[in-house]
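Down below is the structure, laid out as structure tokens.
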Amino acid sequence: AGAKEDSFNVLDLAEYTKNRPWWRKIFAPSSGSSAEKYNVATQLVIGGVTGWCTGFIFQKVGKLAATAVGGGFFLLQIANHTGYIKVDWKLVERDVNKAKQQLKFHSSGNKMSPEVKSRVDEVIIFLKKNVILTGGFAGGFMLGMAS
């Protein structure tokens with residue numbers, strides 16, 4: 001049987017990106033802020049539009065969640081009143097007290113793990129570098145929640 005050799009072209013991605021500045025612009029991680037890339041009006045528009053979309057979706061999901069929780073609570077009260085279910089209130093009280101104690105314990109230490117602290121620091125640095133974008137997002141979010 002005759003063995004047929006297949007030839008493949010190998011693409012070295014590192015070499016490819018060196019010759020293509022547009023590739024680096026799109027896919028390379030940039031450490032710079034949006035202030036270096038966009039003017040003030042563009043930053044406000046981007047922040048405002050994404051904020052409005054987020055606020056609008058947050059409002060719709062919030063209403064749905066509130067309806068589901070309220071409806072579920074209402075149905076549980078009806079089921080409890082009619083005798084379909086019995087609630088062990090002593091067990092509920094014990095679990096609530098245990099949760100309170102855990103919250104007191106965690107809040108008294110007030111120490112964050114190093115992973116959480118590094119993430120919080122990254123977010124703060126991003127917010128400081130992108131003040132205009134963040135302000136636009138906050139304003140858009142409020143408008144989205146109101147609409």
Side-chain angles (χ1 to χ4, degrees), residues 8-147:
F8 295 99
N9 290 332
V10 177
L11 175 63
D12 184 2
L13 205 51
E15 287 298 317
Y16 182 78
T17 57
K18 284 180 185 174
N19 301 325
R20 309 285 188 297
W22 62 269
W23 182 276
R24 283 195 308 272
K25 214 182 264 185
I26 294 173
F27 294 106
S30 66
S31 60
S33 67
S34 63
E36 297 169 359
K37 297 176 202 162
Y38 305 110
N39 62 24
V40 173
T42 306
Q43 290 180 60
L44 282 173
V45 168
I46 291 171
V49 168
T50 55
W52 183 86
C53 291
T54 305
F56 186 77
I57 291 169
F58 191 81
Q59 176 204 29
K60 296 298 180 191
V61 170
K63 283 182 181 177
L64 180 66
T67 302
V69 169
F73 183 72
F74 182 69
L75 289 175
L76 283 174
Q77 288 297 332
I78 290 175
N80 183 35
H81 183 69
T82 56
Y84 284 110
I85 61 172
K86 294 287 182 196
V87 178
D88 185 356
W89 290 109
K90 296 282 185 196
L91 181 63
V92 171
E93 184 179 0
R94 189 184 74 205
D95 288 344
V96 167
N97 287 334
K98 189 187 299 183
K100 282 182 188 177
Q101 291 300 321
Q102 287 179 349
L103 284 174
K104 284 180 186 175
F105 175 75
H106 289 302
S107 65
S108 65
N110 205 11
K111 293 183 179 177
M112 287 189 277
S113 69
E115 297 87 20
V116 173
K117 184 165 177 31
S118 69
R119 292 293 178 201
V120 168
D121 290 342
E122 285 178 25
V123 169
I124 290 171
I125 290 169
F126 174 81
L127 293 176
K128 285 180 180 177
K129 281 186 175 181
N130 301 291
V131 172
I132 297 171
L133 185 72
T134 305
F137 180 85
F141 184 81
M142 295 300 171
L143 286 173
M145 289 291 289
S147 59

Task: Point-to-point distance, once rounded to the nearest 0.5 Å, from CG of Asp95 to NZ of Lys98 - done: 5.5 Å

Task: Separation between CZ of Phe137 and CE of Met142, rounded to the nearest 0.5 Å - done: 10.0 Å

TODO: For Leu127, check side chain to side chain contact (heavy atoms under 4.5 Å, CB included) against everything at least two apart and list the hits.
DONE: Val123, Thr134

Task: side chain to side chain contact (heavy atoms under 4.5 Å, CB included) partners of Val49, counting only residues at least two apart - done: Val45, Cys53

TODO: Give the minimum heavy-atom separation between Gln43 and Ile132, together with the two atoms involved.
DONE: OE1-CB, 3.6 Å

TODO: Please name the pair of heavy atoms, one in Met145 and one in Gln59, separated by the smallest distance, quoted to 0.1 Å.
DONE: O-NE2, 3.3 Å

Open item on the list: Among residues at least two apart in sequence or on other chains, which ones pass ring pair (Phe, Tyr, Trp, His ring centres under 6.0 Å) with Phe58?
Closed with: Phe141

Donor-acceptor pairs under 3.5 angstrom involving side-chain atoms of residues 62-86: please list them, not counting sequence neighbours.
{"from": "Thr67", "atom 1": "OG1", "to": "Lys63", "atom 2": "O", "distance (Å)": "2.8"}
{"from": "Thr82", "atom 1": "OG1", "to": "Ile78", "atom 2": "O", "distance (Å)": "2.9"}
{"from": "Thr82", "atom 1": "OG1", "to": "Ala79", "atom 2": "O", "distance (Å)": "3.3"}

TODO: Hey, could you give me each pair passing side-chain hydrogen bond (donor to acceptor under 3.5 Å, both in side chains) that has a residue in residues 44-58? Not counting sequence neighbours.
DONE: Trp52-Ser147

Open item on the list: According to salt bridge (Lys or Arg N to Asp or Glu O under 4.0 Å), who are the partners of Glu93, at least two apart in sequence or on a separate chain?
Closed with: none

